Novice: 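Got a structure for you, written out below as structure tokens; questions coming shortly.
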Amino acid sequence: MAFPCVSFILLLLLLLLLLQESCFVLSRLSTNVYIVYMGERPHDEPELIEDSHHQILSNLLGSEEAAKESILYHYKHGFSGFAAVLTESQAKVIADFPGVVRVVPNRILSLQTTRSWDFLHVNPHSGTGILSKSLSGFGSIIGIIDTGIWPESDSFKDKGMGKIPSRWHGTCQEGEQFNRSNCNRKIIGARWYIKGYEADFGKLDTSGGVEFLSPRDAVGHGTHTASIAAGSLVKNANFRGLARGLARGGAPSAQLAVYKVCWSTGGCSSADVLAAFDDAVLDGVDVLSVSLGSSPPLTAYFDDSLAIGSFHAVAKGISVVCSAGNSGPYPQTVINTAPWIISVAASTIDRAFRTVITLGNNQTLVGQALYTGKNVNKFYSFVYGESIVSQDSDEESARGCDIGSLNATLARGNVVLCFQTRSQRFSATAIRTVQTVGGVGLIFAKSPSKDVTQSMGIPCVEVDLVTGTSLLTYMVSTSKPMVKFSPTKTKVGLQSSPEVAYFSSRGPSSLSPSVLKPDIAAPGVSILAAWSPAASSPTIDMTQKELPPENFMIESGTSMACPHVSGIVALLNSMYPTWSPAAIKSALITTASVKDEYGLNVVAEGAPYKQADPFDYGGGHVDPNKAMDPGLIYDMGMKDYVHFLCSMGYNTTAIHLITKSPCPKNRNRNLLLNLNLPSIIIPNLKKSLAVSRTVTNVGPEESVYIAQVEAPPGTNVRVEPWILSFNSTTKKLKFKVFFCSRQRLLGRYSFGHLLWGDGFHAVRIPLIIGTVTADL
Ligand SMILES: *[C@@H]1O[C@H](CO)[C@@H](O)[C@H](O)[C@H]1NC(C)=O
Ligand SMILES: *[C@@H]1O[C@H](CO)[C@@H](O)[C@H](O)[C@H]1NC(C)=O
Ligand SMILES: *[C@@H]1O[C@H](CO)[C@@H](O)[C@H](O)[C@H]1NC(C)=O
Ligand SMILES: *[C@@H]1O[C@H](CO)[C@@H](O)[C@H](O)[C@H]1NC(C)=O
Ligand SMILES: *[C@@H]1O[C@H](CO)[C@@H](O)[C@H](O)[C@H]1NC(C)=O
């Protein structure tokens with residue numbers, strides 16, 4: 001009798017999940033939220049800025065009351081603008097008002113974990129902070145724009161933390177299960193934003209305990225990212241015994257400011273995100289860590305709330321670090337591509353979660369899993385998904401163990417072999433299917449990648465396609481295939497690393513191919529960090545036992561890579577408080593490593609044994625100790641970004657509103673190529689071209705640097721001058737790089753680098769040349 005009951009509950013759960021998904025799509029209200037972006041603030045008086053917003057809107061809506069009612073947010077600290085509920089035609093009218101740069105419909109962004117929103121309770125994992133040797137970060141404030149925080153986590157204890165700096169203007173905003181006592185000298189600020197979300201989706205019902213109308217995290221993601229960036233040291237941290245060790249953030253002495261904009265019911269509203277940026281600028285953060293985004297196609301920079309918010313933050317000297325996206329390994333999928341943002345790709349670390357599989361013939365094979373529960377150390381009969389297809393489904397779906405594809409009568413009590421399909425990047429769906437039909441475990445065969453999906457209740461062992469194929473061979477060789485799993489063991493140092501993660505989004509940027517993206521890679525696969533115990537309780541677990549809440553979790557995604565870099569940026573900010581965001585970014589990129597721990601070239605998952613290139617990892621894998629002493633930097637200021645915007649075709653009126661600066665008279669394409677980025681990428685080199693850069697010496701005053709070039713294949717490269725001598729008065733020097741194409745191939749990129757060396761520092765930037773035939 002127990003079984004039908006369990007299946008019934010499960011069905012109900014599944015139904016609920018499906019309903020939730022469709023509600024998410026259907027329940028969008030008919031009113032619309034628009035962001036009216038008005039560029040740089042005309043002056044420093046927030047009240048007057050608010051008045052000007054009311055005036056514009058009163059003209060349109062006929063009364064001041066109507067205007068006040070429709071406005072959700074005034075953006076008035078970092079920039080000017082507002083979010084309001086408008087009709088489509090009102091939005092069109094307001095777009096033509098003087099002073100308005102753009103009117104952008106509110107959009108929903110998502111978190112960049114490999115776990116998707118649909119499977120909030122069936123999720124992946126991994127790793128620990130491998131970070132910088134300097135346990136500093138003292139005096140730096142990192143703002144985390146995410147799902148909030150679980151303040152009771154050990155990672156946010158404030159023992160040994162410095163005072164709250166007097167320059168801090170932030171606040172500890174109270175709400176459901178969150179009051180002022182939840183802030184301390186580690187979490188020095190916390191705010192939450194829901195107006196944009198509720199204007200689109202209606203009031204959020206928090207009665208079921210799945211969300212809190214406060215900075216408290218019900219998802220886990222924000223707690224995870226915050227503890228990666230600036231978590232205090234926690235001894236003996238682990239996820240169910242796995243990955244046990246000392247957990248620590250990149251900048252354990254840095255302080256945190258929490259901006260909750262994402263909700264467990266499905267995403268983050270761009271009007272809310274922009275309000276968080278606006279407040280963060282006023283509050284006084286030094287770094288903003290933003291593990292959010294929306295997948296391609298990318299919108300123009302000033303239709304993109306992350307680009308707008310980050311532009312004005314960078315203008316105030318705040319570094320903005322974002323995730324590069326999880327749509328890899330396909331090219332041109334990178335997101336958050338504005339040149340003022342640091343976009344972070346994800347890499348693997350040297351820790352594996354080895355799980356031994358023993359077959360009935362005593363052959364053993366190795367896979368990865370994150371599983372320490374029951375159904376191990378015992379033989380079970382072993383079936384292939386395709387051979388137990390439900391009559392309502394088809395063989396291809398059954399091969400991938402899609403929802404509803406397996407016959408429960410035939411699956412019950414067996415371990416099922418499933419193969420990754422094009423629609424299933426991760427094993428989460430297959431786990432759910434096999435649990436639903438009463439399977440006791442599964443083996444998921446996929447293209448080789450090191451990220452593993454955590455399974456509750458039954459073991460899921462992930463293997464590559466070679467192992468998957470030999471399992472199939474074994475199955476047909478015997479009449480009664482059997483299989484046994486051993487419990488997962490954490491193994492450190494066995495796995496070549498870093499490698500660029502399979503899922504990490506790749507360049508070039510589909511919006512501005514002449515700006516290299518991603519910028520840098522950092523650990524983002526199987527990262528262990530703090531978690532919200534409120535998030536992990538309602539697991540779909542066949543054992544029907546409530547699993548104990550998790551305080552730590554293993555997760556993968558560029559979401560996890562981003563705060564690693566945010567922590568390192570905080571360290572650099574503490575050491576060099578006067579450096580611009582561009583200088584800090586340059587220090588990271590020019591010192592990044594392109595070799596693994598054995599001195600071999602870093603490879604990229606997704607194309608096995610493919611040598612990684614800058615479209616996978618930008619400058620390379622982040623090296624915090626080297627970044628502290630970069631020697632030379634490629635610095636930039638707002639003027640450079642304005643030139644960039646001018647070359648992107650924004651008109652003079654718009655540019656003036658955004659930045660109060662004029663465009664240069666001559667807006668040729670060299671303006672774009674001469675942007676002083678720590679990389680040179682020429683997407684369409686016809687014949688020959690010269691590009692200039694300026695470097696600033698931040699090392700010893702008297703230094704002589706010599707250029708070394710590895711030319712991209714098919715190109716001749718010359719640097720002029722090829723010796724740079726710095727002294728106490730000469731801090732900045734300009735040089736030119738001449739490129740000449742020798743090849744006549746269409747649509748191909750080749751990679752090289754330029755390295756300035758003084759015997760101590762190696763200041764390396766990627767050179768990337770795309771060629772077109774001369775007669776095109
Ligand atoms: C420039 O942009 C502004 C604001 O977007 C717009 O109102 C104006 O018509 C544009 N001017 C030209 C010359 O395109
Ligand atoms: C704040 O919350 C804590 C527990 O979360 C509680 O002990 C304390 O009394 C609350 N303080 C106020 C002022 O409500
Ligand atoms: C597998 O190994 C066990 C113990 O070593 C042994 O008893 C058994 O006969 C072996 N089975 C096969 C099929 O070789
Ligand atoms: C499942 O398999 C059993 C036994 O072969 C069969 O009787 C039943 O009709 C199948 N059900 C479905 C839904 O395919
Ligand atoms: C630094 O170098 C510049 C150019 O080589 C030279 O003109 C200047 O005199 C030097 N300054 C000092 C203090 O040596």
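In this text the structure is predicted, and so the values were computed from the model without any measurement. Just so you know, ligand 1 is whichever comes first in the structure, and atom 1 is the first atom listed for that ligand.
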Novice: Go through the steps for Arg240 and Met553 under the test side chain to side chain contact (heavy atoms under 4.5 Å, CB included), then give the verdict.
Specialist: CA-CA 9 Å; Arg240 301 207 180 123; Met553 184 62 81; over 6 Å; no
Novice: Could Lys195 and Tyr73 be counted as a cation-pi pair, given that NZ or CZ must be under 6.0 Å from the ring centre and within 45° of the axis?
Specialist: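 Yes, Lys195 lies over the aromatic ring of Tyr73.
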Novice: Just how far is it from atom OG of Ser427 to atom CG of Leu442, taken to the nearest 0.5 Å?
Specialist: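 Ser427 atom OG to Leu442 atom CG measures 7.0 Å (nearest 0.5 Å).
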Novice: Show me the short polar-atom pairs for ligand 2: any N or O of it lying under 3.5 Å from a protein N or O, with distances only.
Specialist:
unit_1   : atom_1 : unit_2 : atom_2 : d
ligand 2 : 2 (O)  : Asn179 : OD1    : 3.4
ligand 2 : 2 (O)  : Asn179 : ND2    : 2.4
ligand 2 : 11 (N) : Asn179 : ND2    : 2.8
ligand 2 : 14 (O) : Asn179 : ND2    : 3.2

Novice: State the CE-CD distance between Met560 and Glu555, to the nearest 0.5 angstrom.
Specialist: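 If I round to the nearest 0.5 Å, the distance is 5.0 Å.
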Novice: Within ligand 3, which atoms have a heavy atom of Gly360 less than 4.0 Å away?
Specialist: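 Matching atoms, with element in brackets: 13 (C).
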Novice: With heavy-atom distances below 4.0 Å as the criterion, list the atoms of ligand 4 near Ser390.
Specialist: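 Those of ligand 4 that fall under 4.0 Å from Ser390 are 13 (C), 14 (O).
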Novice: Assess whether side chain to side chain contact (heavy atoms under 4.5 Å, CB included) is satisfied between Leu365 and Leu359, documenting all intermediate values.
Specialist: CA-CA 8 Å; Leu365 298 160; Leu359 303 179; 4.1 Å; yes
Novice: Rounded to the nearest 0.5 Å, how far does CD1 of Ile188 lie from CG of Leu256?
Specialist: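 With rounding to 0.5 Å, CG (Leu256) is 8.5 Å from CD1 (Ile188).
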Novice: Would you check whether Gln391 has a nitrogen or oxygen atom less than 3.5 angstrom from a nitrogen or oxygen atom of ligand 4?
Specialist: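 In this structure, Gln391 places an N or O atom under 3.5 Å from an N or O of ligand 4.
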Novice: Let me see the working for Ser289 and Ser566 under side-chain hydrogen bond (donor to acceptor under 3.5 Å, both in side chains), right down to the final yes or no.
Specialist: CA-CA 6 Å; Ser289 191; Ser566 307; 2.6 Å; yes
